[in-house]
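Input: a single structure, listed below in structure tokens.
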Amino acid sequence: MLNVKEMLEEINASPYEEIEIKTPHTGVVEFVGLGLGDRVTGPSGKWLERPGTLLAHLTREKNKKPICATQKGQVMDIRTELECTFVEAGERLLTIRHFLSREEVISRILKKALHLFVAPERAKYYFVPEIDAKIKASGEQSVKVREGLDMFIVSRMKRETPLSYSGPEGIIYAVYFQQGDNVDGGQPLIGVCPESQLSLIQDVVNRVQGEWEERD
Amino acid sequence: MDIDKRTRELAARLTYIRDIFGPRENASVAMLRIRLEEFLAQATSLGMRELSRQVGLLEELFALLEGKLENELTPMDRVRIVRHPQRFCLKDILENVYDNYTEIGGQDEWSIDPGMLIARATIARRMGKKTVHQSVMVVGQEKGHGQEYRNAGSIKPWGNANALYYMRVAETENIPIHSYVFTPGAFPVEDYPGAAQQIARNLYAMAGLTVPIVSVISEGGSGGAEAIALADRRLMLSHGYYSVISPEGAAAIEGGLKERASPELIAGCATRLRITARDNLELGFVDRIIQEPALGARPEHFDFFRQLRREVVRATDEVVHSVEGLGPLRGMAIRRQASTGDPHDIFVRWSLGQKARAKLVRMRFDKYRAMSRAACRDNRTLGARLYSGLEGLLWAAHSALRHDFLARHKRRLLGLLEALEAEVRALRQGVGGPIGRLLGIGAGQQRRMEVAPEALELLTNLSCAEDCPCRLEDTWVYVSPKSREDHVVTCPNAATHGCLDLWAPDLFGEFAGVCSHCGHHFPLEFQWYLYNVFGFGQAYEFNRELESGNPLHYEGFDLKLEEAKRRTGLGSSCITFETHIEGVAIMMAVLVSPFRGGTVGAAEGEKIIRAAERARLKRTPFILYSHGTAGIRIQEGTCGGIQMPRVTMAVRRYIEAGGLYLVLYDTNSYAGPVASFLGCSPYQFAVRSSNIGFAGPGVIRETTGTDVPPKYHRAFSALSRGHIQGIWDRRDIRKNLHQALLTMGGRNLYYR
């Protein structure tokens with residue numbers, strides 16, 4: 001049974017993720033003048049082509065390499081005592097405190113609460129007519145799924161093959177694809193939750209949507 | 001009503017003048033503004049007659065001061081004129097110059113590229129009482145009067161492809177082509193087939209079109225202009241500009257690409273690049289200037305359109321006359337009309353006969369071959385020049401004797417011997433049954449082919465540890481100086497491929513700059529290729545005395561050029577030499593990036609042309625290795641830009657003569673050269689990890705407003721787009737080249 005209250009409390013107690021920046025290999029560390037509490041950004045750009053804020057340099061065999069932030073956040077606990085010293089691989093240099101955004105919190109909750117049924121290959125996915133009719137008439141949460149239920153039609157290069165559901169029994173909480181659009185392999189098609197927890201999950205999501213404070 | 005209209009026109013003229021002169025303070029403009037404002041303020045209190053008189057006076061004042069302002073136009077003002085929405089566009093030309101037309105390349109926004117307008121048009125000409133409708137194919141960029149979908153005449157690759165298709169239709173139908181250039185530059189996308197590749201295809205095809213081409217240039221910006229401007233007669237409008245790069249682009253390069261260039265720097269570049277009609281006429285890149293009214297022609301200047309019509313008809317007549325003999329009287333009349341005559345009086349049919357078509361292409365080549373020849377420094381002595389000319393003649397004679405005369409007979413003889421041998425083999429197979437066995441004929445048919453003992457040893461003995469490590473492929477003649485530095489290097493793919501750091505002496509020495517984990521190629525010096533791949537140590541370099549100059553006397557460029565020469569020890573960014581690959585003699589041209597970024601100017605163009613001509617005479621393959629080129633050398637202005645059609649025509653001539661023209665890209669190759677003589681090769685290969693494209697990511701972002709993915713220009717993307725034919729490992733270039741020499745190319749290679 002999902003303990004939503006506990007989960008929310010846990011997130012509220014530490015509404016951030018702590019990312020430890022460690023040395024990828026041995027070398028001499030040089031920090032770039034960041035101090036406690038300084039804000040850093042992660043990789044940016046449409047293709048994440050611009051690296052994050054420069055945190056330190058690590059020099060090994062006269063090869064100076066930059067170490068950049070991997071997430072947006074605030075610098076915590078910077079180990080300035082390592083400045084200009086030789087360190088082993090895996091040595092923690094600093095910690096970035098990344099405050100969770102609303103979407104990240106919801107996705108964490110849903111990841112714990114839902115079973116995601118993913119697309120096995122890139123194709124167009126359709127619900128079988130009976131399920132489709134039911135969803136259109138009474139909404140997606142009216143559909144109960146069980147192991148082996150023929151749910152989808154996979155359409156690719158003029159071939160149409162049936163696809164059955166596999167996973168725990170429950171009802172569809174959310175549909176993540178549009179009928180007729182191409183879905184990449186590995187992307188979720190539906191999220192399933194036990195029937196008893198439906199209202200609970202909805203309640204939590206609504207509360208997060210309404211109450212979560214964005215810090216960054 | 002009439003007064004209102006005339007007043008509005010005056011206001012529009014004033015707005016136009018103010019747009020042209022920009023933020024510059026000018027007494028004449030201020031006077032016009034004040035006079036017009038005074039008139040508008042008191043207009044309500046004046047009677048009709050007085051109003052008419054005042055407007056008349058104002059119109060006279062406008063005409064007078066426009067004439068005065070005409071003399072004050074700077075090159076940048078002319079750039080603003082051709083880009084002004086009130087300037088006439090191609091549709092205005094079709095309406096006013098031609099008697100009838102039908103658009104065939106799409107209509108308005110319903111076109112594959114609304115910036116490219118293609119139409120079949122007719123010009124009615126009188127011959128006595130008879131009227132003859134002469135057909136022409138009109139292609140050109142349509143800027144429209146501010147319509148956004150026209151994209152300001154910036155053409156996407158498919159627009160240029162469409163133009164090329166209809167130019168070929170014109171060739172099939174044997175009608176002339178009139179091309180009108182109204183473009184600030186091509187739209188720099190790499191979507192199939194890529195901006196550069198399509199311009200190269202256009203240039204290559206236009207070099208061989210067998211119908212007269214007349215181009216009229218209003219705004220000729222860089223590669224976009226070249227895509228349709230290669231012509232037998234090039235006319236230029238007096239207020240137009242024709243340049244290798246837009247002044248803004250030149251200023252961005254001059255001032256450093258990071259910051260936006262100041263208006264003063266842009267105006268300075270416009271002046272230094274010598275982009276005006278008069279400059280281009282003096283430099284010999286256009287044949288004639290068509291005079292426009294003061295401050296540039298606009299759609300209401302009907303006299304100008306009449307003059308334009310006379311000029312394009314006359315130019316087409318001249319082209320036809322130059323290749324097809326007209327009657328003696330008509331020929332004389334055409335020569336005499338150069339100053340004042342009306343071409344309508346002399347009828348010339350524009351369709352050409354077979355011989356004239358071939359002559360037309362030859363003359364077009366000669367025309368471009370003669371351009372910009374004086375724009376580079378030829379340091380050869382008179383004796384050396386004479387020797388070079390004589391050597392050419394001797395080689396031509398030798399080639400004709402050996403490859404045309406003797407080889408023809410040899411081929412015939414070999415053909416006979418081959419047929420005879422095949423007959424004997426057929427006989428042996430036919431009687432290879434019991435009789436054959438009885439007679440002993442056919443014995444040994446199953447015998448394996450003889451293998452040389454050295455080859456057999458190499459194949460069967462895996463190592464020869466007692467002598468030395470048995471390595472043949474990674475022992476390099478030239479080793480990069482980078483290998484003498486004691487440090488390790490990180491592969492750029494380390495994050496995604498998990499490559500381990502490499503020790504520089506290993507990486508740049510034995511590994512030839514190739515990551516041993518992912519195969520990433522680190523850039524190496526051009527000398528590495530010269531000595532390890534092309535055998536430069538045993539090669540014969542020619543035309544070394546041809547050196548880059550500063551034909552436009554571009555401010556500060558002499559110093560930069562001297563510095564580049566001193567630093568690299570080269571006279572230009574191109575090295576041409578004869579060498580051998582596995583016993584096959586080849587002609588090489590190498591563009592080296594350390595010399596001014598491998599940019600191509602008049603010297604480089606001339607050297608490549610001469611190398612192509614030499615390869616044609618000696619019937620050797622011609623290989624162009626681009627160690628890196630940033631484009632055309634902007635400081636040489638149009639002298640650099642004209643190398644695009646010039647060199648393309650030379651390599652086309654070489655390819656058509658039956659040679660093998662192969663291009664190999666390395667590091668970064670961009671812009672003009674890729675959009676012309678590099679991109680037109682049917683065999684283009686790239687060294688791994690190289691980048692190929694038309695414009696770099698920064699320019700694309702600036703021009704189109706869209707970001708490009710990080711690996712947009714990588715060789716593998718170019719291969720996927722169909723631009724290049726393959727990607728080679730640096731260590732295998734020699735082997736792959738040898739394979740290419742044996743399997744690719746035309747009929748006239750000496751070793752075939």
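A note on names: the letters A, B, ... follow the listed sequences, proteins ahead of strands, and every chain is numbered from 1. From a predicted model like this one, the values you see are computed outputs, not experimental measurements.
Annotation for A:Trp47 and B:Pro709: closest pair CH2-N, 3.4 Å, computed over non-hydrogen atoms. Contact between B:Thr490 and A:Asn63 at its shortest, heavy atoms only, is OG1-ND2, 2.6 Å.
Looking at A:Glu61 and B:Asp501, their side chains never come closer than 4.5 Å, going by heavy atoms from C-beta outward.
Residue A:Glu81 places its CD atom among more than 12 non-hydrogen atoms of other residues, nucleotides or ligands, all under 6.0 Å distant. Residue-environment remark: CZ (A:Arg122) exceeds the threshold of 12 foreign heavy atoms within 6.0 Å. Other residues, nucleotides and ligands place no more than 12 heavy atoms under 6.0 Å from the CD atom of B:Glu702. Residue A:Glu147 places its CD atom among more than 12 non-hydrogen atoms of other residues, nucleotides or ligands, all under 6.0 Å distant.
With a threshold of 4.5 angstrom between heavy atoms, B:Val489 approaches chain A through N, CA, C or O but not through any side-chain atom. Interface residue A:Lys65: only side-chain heavy atoms are found under 4.5 Å from chain B.
For the set A:Lys46, A:Arg60, A:Glu49, the count of heavy-atom pairs under 4.5 angstrom toward chain B peaks at A:Arg60.
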